[in-house]
Amino acid sequence: MDLFTIDPNDSSDISVGVTRLNSMHVSVRVTPHEEVHAVEAEYAGVMIPLTSNRGNGMYSGRFDLTPIPYGPYTLKVTAYDRYGEASTVQRLVHRYAPPTMWVISPRPYTPITRDTPIIARCVGTPPYSCLNFRAFVYSQIRTAEMLKGGRSTVRGAMEIVQSPSSPPLQSGEVLRIVLQSENPGGGVLSMPASYGTYAPVYYVEESPKLSMVQRAPGSIIDFDATRILFLDHDYQLGVVDRATELVTYIGELQPPTPYTRTEDYGALTPSGVVMQSWNGYLFAWANGRFSTTERQGWIDAVNGDSLLWMTPDEDRINLLTLSTDVDTTFHLRPGTTSPFQADIAASGDIYYSTYEEPSIRGPGELRLGDHPGYLQRPITDGTNVAGRWWNGAVCSSYLYTADGQEVFLGDSRQGNAAGLLVHAGYTAFLKSDGAVNQVWVRTPAGDLHQLSDFPTPSRFDQQRLRIGHDGISDTGDVVFLNDGKRYIGRPGEEPEEIGSDLGHARWFDGGWYVTLGNTLFEVATGDGTTGDGAVAGEGMAGRLVMERPEEELELLHTAPLAADTAEPPAPDPSGPEAAPDSFEDVEAAPLSGDLASAGALGDPPPAALGCSAGRSAAGQNAGSQGAAALASALVALTLARRGRMRC
């Protein structure tokens, strides 16, 4: 009888080398199999019989490794013939746990500067050490730059303390970090390490005009004068009390899958928090408790404690009062095939439109406008109302004033459906110069001013369900984006560059703010002061020095990375899904520059970033300004699926 060999053709055979599982499958072949009477295996002092499962000399069994300490052990397999003669083979087999890898600094979703080192550590499970530890850094401008780990002061560990350098980090980059190390017995382990888990993102921003105000334990979704709403990398939703920094965790959201192209969006309201989940459920947390039921559908608009939401088929639109959890039917349209789009004024007045009719509908029997084409989402500041009509070639923008006038603002080319801002009597709009869209503003007195004059198209810094409100100040200053940068435009002045287009900018409480990842910034004005007149601080370069918190184990992962899942095919360039730079496309993925950049890396980020607070009008108090507007990328996906025209 021949000696046994481990079958190299049996893919289930993991008995040689290193196993990361809690059980070990042993598979052996013996010849000639007609002479075999019994086969047994011994590992770490435990003996099990092997059974014949193919009738051709193959024998197998499984060891439970749960009680066995990590380390190398001899696997011995013995076969006996009918006369009691034995034949034995031995192999050295390691019982091990994968090394632990984590990013110590920076924290997930943290803005950094070009000099900020990436600090990561890999610790092997005794008696094994970490082997060939490295970090691969991705962004829009770099592909898998490798940072190599060196010897650490921690026994059995390797450490990385360096910044990407090829090319050097630059403002506007959105980084992802994937950690890898080699198994003691061969193969590679990676972090992120399981299906549906994504590498968190890190933002490079060095603008000296951004002064850090506050940080949250996760990506900032919304803020007001007293609170910050955030979603962390474990999909825990929470609220920070800005004065005490006390964190209240509300609940855990379901993580997206590799196929998910929509995000979770949320907002603060006067009575609590509302959330729209990527999987089609909306939640309300009011007065310290959850709403009595989970509702399935899409949120369309929110202001204060008033929320408009639609059923999954979009046949019914409901108005939910969040403070009382009273839900009433606002609009019925059975069998509709076109989107419902609305805006809610601070007074509670609702202006809405559908593709079936050419006019904006308002309180009572109000009808505004009657123009050919598809009517885009109307916008109101409580006094004026504005809308855009797409006629197949251009979008035509109109303003409806409180005294009943209809004012034609201009035409813009296809490329951005969110081309209007209204606030405090001012109206900002996109208007084509014959080649690209430029930014214009109309004053309450009716004066028109062109704010941009760039060779590339400009667009507004819009966020879903706050479309038309965040990017314009009480005095008509306008924030807009162009070629990867964010600007403030003022009549009669050159646009002022304030940083990259990452995050989301918002006019709030007399000043400009930017939410970027887990950080709230205040913007210094042209004279170097913040909105309250104080002199701006050192800005990004001086304020965001990463410390090295040894006690924090950020992003702790120990399981191996699952096989990458193929992305869904890109839309047909000739179809309505493929309209270039359309706002619906931006809504369904990222809504601001940071997420747009992150999306290019292959996996969707875990949550929408930037703020999403209540729609403000002139004269609103701080509480009303802090009332939240909720963003839902699922709405955008539904609209895109129905072939919305874009402009």
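Nearest heavy atoms, Gly503 versus Asp461: O-OD1, 4.2 Å. Of all non-hydrogen atoms in Ala44 and Tyr73, the two that sit nearest each other are CB-CD2, 3.6 Å. When all heavy atoms of Gly149 and Ile160 are compared, the closest pair comes out as CA-CG1, 3.4 Å. Counting all heavy atoms, side chain and backbone alike, Gly499 lies closest to Ser207 at CA-CB, 3.8 Å. Looking at every heavy atom in both residues, Cys130 comes nearest to Pro99 through SG-CB, 4.4 Å. Pairing each heavy atom of Leu520 with each of Arg242, the nearest pair is CD2-NH2, 3.6 Å.
Side-chain atoms of Val28 and Met58, non-hydrogen and from C-beta on, never get closer than 4.5 Å to each other. Ser219 has its side chain out of reach of Asn518: every pair of non-hydrogen atoms, C-beta onward, lies at least 4.5 Å apart. Val174 is listed as a side-chain neighbour of Gln140, based on a closest heavy-atom distance under 4.5 Å. Side-chain contact between Ile250 and Phe290: present, with at least one pair of heavy atoms (C-beta onward) separated by less than 4.5 Å. Side-chain contact between Ile112 and Leu169 is present, with heavy atoms from C-beta onward closer than 4.5 Å. In this structure, the side chains of Ser211 and Phe521 stay at 4.5 Å or more apart for every pair of heavy atoms.
The side-chain contact (heavy atoms from CB on, under 4.5 Å) test with Leu229 is passed by exactly one of Ile220, Leu237, Val274: Leu237.
Not a single donor-acceptor pair under 3.5 Å links the side chain of Asp234 to the backbone N or O of Gln236. In this structure a side-chain-to-backbone donor-acceptor pair under 3.5 Å is present from Gln276 to Ile299. Looking at Trp512, its side chain never comes within 3.5 Å of a backbone N or O of Val479 through a donor-acceptor pair. Side chain of Arg95 to backbone of Leu65: a donor-acceptor contact under 3.5 angstrom is found. At distances below 3.5 Å, not a single donor-acceptor pair connects side-chain atoms of Thr78 with backbone N or O atoms of Thr88. A donor-acceptor pair under 3.5 Å is absent between the side-chain atoms of Arg121 and the main chain of Val103, judged by distance alone. Although no hydrogens or angles enter the test, the distance criterion places no donor-acceptor pair under 3.5 Å between the side chain of Tyr202 and the main chain of Glu173. Arg62 places no side-chain N or O within 3.5 Å of a backbone atom of Met24 that could act as its donor or acceptor partner. Checking side-chain atoms of Arg176 against main-chain N and O of Val137 turns up no donor-acceptor pair under 3.5 Å. Side-chain N or O atoms of Glu145 include one that pairs as donor or acceptor with a backbone N or O of Ser165 at under 3.5 Å.
Atom CZ of Arg486 is separated from atom CD of Glu205 by 8.0 Å, given to the nearest 0.5 angstrom. To the nearest 0.5 Å, the span separating CG on Leu210 from CG on Leu516 amounts to 8.0 Å. Here CD1 of Ile177 is found 7.0 Å from CG of Leu179. Values are rounded to the nearest 0.5 Å. Taking OH of Tyr43 as the start and CZ of Phe63 as the end, the distance is 9.0 Å to the nearest 0.5 Å. Between Phe230 atom CZ and Thr515 atom OG1 the span is 15.0 Å, to the nearest 0.5 Å. The CE atom of Met47 sits 4.5 Å away from the CD atom of Glu40 when rounded to the nearest 0.5 Å.
Judged by distance alone, the side chains of Gln254 and Asn279 do bring a donor and an acceptor atom under 3.5 Å apart. Asp64 and Thr66 form a side-chain donor-acceptor contact under 3.5 Å, judged by distance and modelled atom types alone. No side-chain donor from either of Thr74 and Gln90 sits under 3.5 Å from a side-chain acceptor of the other. Between the side chains of Arg215 and Thr519, at least one donor N or O lies within less than 3.5 Å of an accepting N or O.
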Take Asp241 and Arg227 through the test salt bridge (Lys or Arg N to Asp or Glu O under 4.0 Å) and record every step on the way to the result. CA-CA 5 Å; Asp241 183 300; Arg227 300 167 295 168; over 6 Å; no
Let's go through Lys485 and Ser500 carefully: what are the C-alpha distance in whole Å and the side-chain angles of both, what is the deciding distance for side chain to side chain contact (heavy atoms under 4.5 Å, CB included) to 0.1 Å, and is it a yes or a no? CA-CA 4 Å; Lys485 298 177 181 179; Ser500 73; 5.9 Å; no
Should Arg114 and Glu206 be marked as a salt bridge (Lys or Arg N to Asp or Glu O under 4.0 Å) after you check the CA-CA gap, both sets of side-chain angles, and the distance that decides it? CA-CA 8 Å; Arg114 71 181 63 194; Glu206 295 196 304; 2.6 Å; yes
Stepwise side chain to side chain contact (heavy atoms under 4.5 Å, CB included) check, Val26 with Ile48: CA-CA 10 Å; Val26 178; Ile48 63 170; 5.5 Å; no
Could you give me the CA-CA distance, side-chain angles and deciding distance for Val201 and Leu175, then say whether side chain to side chain contact (heavy atoms under 4.5 Å, CB included) is met? CA-CA 5 Å; Val201 291; Leu175 305 180; over 6 Å; no
Go through it in stages, so that I can follow the logic: the residues are Ser105 and Arg107, the test is side chain to side chain contact (heavy atoms under 4.5 Å, CB included), and I'd like the CA-CA distance, side-chain angles, deciding distance and then a yes or no. CA-CA 5 Å; Ser105 180; Arg107 296 183 178 184; over 6 Å; no
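Summarising the local packing, CD of Glu245 is surrounded by 12 or fewer heavy atoms from other residues, nucleotides or ligands at distances under 6.0 Å.
Taking the six-membered ring where the residue is Trp, Tyr109 and His233 present tilted rings, their angle falling between 30° and 60°. Ring planes of Phe223 and Tyr513: tilted class, angle from 30 to 60°.
Every residue two or more places apart in sequence or in another chain that forms a salt bridge (Lys or Arg N to Asp or Glu O under 4.0 Å) with Glu42 is listed here: Lys76.
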